[in-house]
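One structure is given below, encoded as structure tokens.
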There are 2 protein chains.
Amino acid sequence: MFEVFENKTIKEILNKYLDIWSIGYASGLLGWDSETYMPKESIKERSIVFGRLAVLRQKMMLSSEFKDLVKKGEKEQNLNDYEAGVIRVLKREIERFEKLPPEFIEEMERVTSKARVVWREAKAKSDYNMFKPYLGKIFELSRKAAEYLGYEEHPYDALLDLYEEGLKTREVDSMFKELGPQLRDFLKKIIESQNYSATHPLEETQYDIEKMKALNTEILKLFKFPFERGRIDVSAHPFTSGFGVYDVRITTRYEGKDFRRSLLAVIHEFGHALYELQIDEKLMATPIAGGVSLGVHESQSRFWENMIGRSKAFTETNFELFKKYLDFLKDYTPDDVYRYFNIVKPDFIRVEADEVTYNQHILIRFEIEKGVMEEKINVDELPQIWNSLMEKYLGITPPNDALGVLQDIHWSMGSTGYFPTYSIGTILATQIAVKLEKELGNLSELITEKKYDEIKSWLKEKFHRWGSTYPPKELIKRALGEEMNPKYFIEHLKRKYSEIYSL
Amino acid sequence: MFEVFENKTIKEILNKYLDIWSIGYASGLLGWDSETYMPKESIKERSIVFGRLAVLRQKMMLSSEFKDLVKKGEKEQNLNDYEAGVIRVLKREIERFEKLPPEFIEEMERVTSKARVVWREAKAKSDYNMFKPYLGKIFELSRKAAEYLGYEEHPYDALLDLYEEGLKTREVDSMFKELGPQLRDFLKKIIESQNYSATHPLEETQYDIEKMKALNTEILKLFKFPFERGRIDVSAHPFTSGFGVYDVRITTRYEGKDFRRSLLAVIHEFGHALYELQIDEKLMATPIAGGVSLGVHESQSRFWENMIGRSKAFTETNFELFKKYLDFLKDYTPDDVYRYFNIVKPDFIRVEADEVTYNQHILIRFEIEKGVMEEKINVDELPQIWNSLMEKYLGITPPNDALGVLQDIHWSMGSTGYFPTYSIGTILATQIAVKLEKELGNLSELITEKKYDEIKSWLKEKFHRWGSTYPPKELIKRALGEEMNPKYFIEHLKRKYSEIYSL
């Protein structure tokens, strides 16, 4: 254990850290269970456990013994990259914990673990008022968190940084200023094209849930998902939960129709899982044995979902496999499935949004969160604001709150500031594909020839194996030779959808 | 919360205890997951987590702050029964922890969490040699534990006390001296009777696993198992895992034939689960919110399994329900099923043993554990010793180690000293039935009239609601008006099986 770490102080830190890591591992399993198998009333006790474990973990990080060790480690000379990574990650976390009082963390954990359960029911019943008091409390706590954490320009910066090191509201603003108009113009062109259709018959076609589960398993086997190190289960909102490099679990959902929703969720979560699974085992149980940021994480899931799952090569190569489990596909061609996987249309649900409209969904959430942080928006008017932003950016109005403001799990988890990382990931995914093609050759051919091992090894070497060794911006630079650049995303969209819609 | 606790010091203790309880809760879920859904390789990290959490929990119990509080609580006047229970339970645990060094506990946890995985594979392959080094290490640690814990008469006493407060090797010896000869004589009579048959066609009859799962669920619904507070899953060895009063999970197994094995396991585990589920919610998250001892726990599972599940009233009343899911029963009568549920015959597997032979299985394990503790037995010769004891007490020799020495999960968990509580539970179950009939009327009638609510309320009032408020011997005396007495068990066997075998 700890064999890539040579420095004595670092080894001492890592050994102490095992307690903290163990609490995190256990909390991870508790969280996974809460979304998959937990009996409903269990939450009465479990919310106490979540709160207590979070505070315990914080206390351990902030014990003078541990802090002094980290300070000692900081002064060590000639640390290797892994060792420097350990110090960087721990320092960042200690500083965050020092700013957030234990009572605050406990309250946040307690409120959100209850809120998640209420959210699930509120969403099922499309009853915003049920969830409203919890959301109000969570937003209040988010504003409090920003004050505790501190910021220079904008309170929202404090929250963005939690998910993407150093990201500023200003940067997200300018990213959306560049993307927004181009996406709106391009969407307009698509809607006005001759090939445009707002509906597709496969969206309403029912599937057999057991057969769909079997198909999802086949796809995971095609990608050689290591079932000896992971699982797939069912939850309301698909997610990936990695407790360590040897236990990474994904979920999907089964609505009984519109099979791409279930399938693309599996491929998306597979991308997240692969990141955690391909972290160097030698980093096991250390502070750097996890994905470095949410943006980078999302770039991996989006790469698999958008660049592989939604590609023509993928739908064509696997059409016979799909048909084996989905009888109704006998009335369709591979090209039909490709188009069905890539229909562009303004719709209500972010997680099933196409590549062209996806970032508008994020923009809406970004504007709301920014408004909440600026105290310009309160929870009473949120459904109305949501709906008017949907009208403004996508030209549609959700028929109910389940399809509107209640659709995402994130706010119930207190993850304000999280959404912009989705856009970062979506953009990075296209940039990764360009770099991969330069080094491995044409992606369509790799997919057609089922050379997933090659793709996986490349991703491992470039991104995964390092865990959190390097900060996100450095990792991106090392992997891609340049910084994130939205131009690759725009180019990808224009190339792909101009063909589909004969623009 | 904590509303039945009035004393200020006790409240302070309980509030501090929430951290300890939370660690225990998380460890409970980790354990449940390890036996049900965990991917195989996860154990590489998880064994570290088990070890670290166990030591953390011990450190918290032994922190001078917590110990001083408990000492202060001990001196408080006029504690109510719940408060006195809290002090009794904590004192006992602190004393145990003070005797066992943290390194020892961590080693035990690390060895056993690996051993459980190896045991599962060794049992599947019937490969004792695979498991032997782990078992050797575990027995060595058990002897070490006895030395650390201390004892007056026999090293095994130290281990017995872990599971059944105050139980002595001497007492178990004399219990088996009373039961042993009577059981052997009675078994001999049965084997020599005209009605005796060593086989039953239903033992070889295949069932559909999905239908069997549905039947098990129906039985749980019949007993009004609260699915909002619990689950049923599948594992190699059936068990019950209660993390709190709001989350109690049971498992069973599906071998595809001999349906009573799966069904009676469900009823048995239901009895365990009911105990935890009916503990007063006001004791939630306190040290007394759990069953008081393994013997009392087993009396609850055995009551449901033997006194209800194996009763004529139960098999007759539910025959049509069984038939609905098990087509093959159309060729049988309710009386056939009753006899099938109650076949007496010397056989290899303890958990499926009948009421007459069951205690001989325990006697074998008791003799082995006693021998191990006296250093008269080592693991090289264990399969031979096991087989010769089987020959001695049951007149049969297991054809392989999976059906012999490898059958139980207990040793892989380091639970030396656990087995005798099974005999205590079996005996107590019959005694409970006698008392219940005195107070509620004929048990057969209650079962026939499906008055499970009445039975459950009675058990709750007598045993369950108190959790660990009273020590086991006091609880038994309060509930039954007398101490445990094996005569009820012998009477029950003679009455029931004399009729079945026309003796």
Between atom CG of B:Leu29 and atom CH2 of A:Trp32, what is the distance when rounded to the nearest 0.5 Å?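 It is 8.0 Å, given to the nearest 0.5 Å.
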Working to the nearest 0.5 angstrom, can you tell me the gap between A:Lys44 NZ and B:Arg229 CZ?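 The distance works out to 6.0 Å.
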Quick one: closest heavy-atom pair of [X] and [Y], and the distance?
X	Y	result
A:Ala26	B:Ala26	CB-CB, 3.9 Å
A:Ser42	B:Asp247	OG-OD2, 2.7 Å
B:Lys59	A:Asp19	NZ-OD2, 4.4 Å
A:Leu53	B:Ser22	CD2-CB, 4.1 Å
B:Arg249	A:Met38	NH2-CA, 3.5 Å

Segment of A:Tyr25 engaging chain B (4.5 angstrom heavy-atom cut-off):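 When you check distances to chain B, only side chain atoms of A:Tyr25 fall under 4.5 Å.
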Side chain from CB out, backbone as N, CA, C, O: work out which of these in A:Val248 comes under 4.5 Å of a heavy atom of chain B, or both, or neither.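 Looking at A:Val248, nothing touches chain B.
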Should we count [atom1] of [X] as having more than 12 external heavy atoms under 6.0 Å?
X	atom1	result
B:Lys11	NZ	yes
B:Tyr134	OH	no
A:Tyr82	OH	yes
A:Lys456	NZ	yes
A:Lys67	NZ	yes

Which answer fits B:Phe50, side chain, backbone, both or neither, if we ask what part of it has an atom under 4.5 Å from a heavy atom of chain A?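 For B:Phe50, neither part sits under 4.5 Å from chain A.
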Is there side-chain contact between [X] and [Y], with heavy atoms separated by less than 4.5 Å?
X	Y	answer
B:Arg52	A:Trp21	no
B:Leu56	A:Ile23	yes
B:Arg46	A:Phe243	yes

Does the distance from a Lys or Arg side-chain N to an Asp or Glu carboxylate O, for B:Asp33 and A:Arg231, drop under 4.0 Å?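 Salt bridge flag = no for A:Arg231 with B:Asp33.
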Among A:Asp233, A:Leu30, A:Ile43, residue most engaged with chain B (heavy-atom pairs, under 4.5 Å):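 Top count of heavy-atom pairs under 4.5 Å with chain B: A:Leu30.
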Pairs of heavy atoms under 4.5 Å with chain B: top-ranked of A:Glu41, A:Met1, A:Glu45: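 Answer, by heavy-atom pair count under 4.5 Å with chain B: A:Glu45.
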Go through the steps to decide whether A:Glu228 and B:Lys40 satisfy the test salt bridge (Lys or Arg N to Asp or Glu O under 4.0 Å), and finish with yes or no. CA-CA 5 Å; A:Glu228 70 282 5; B:Lys40 201 173 149 190; over 6 Å; no
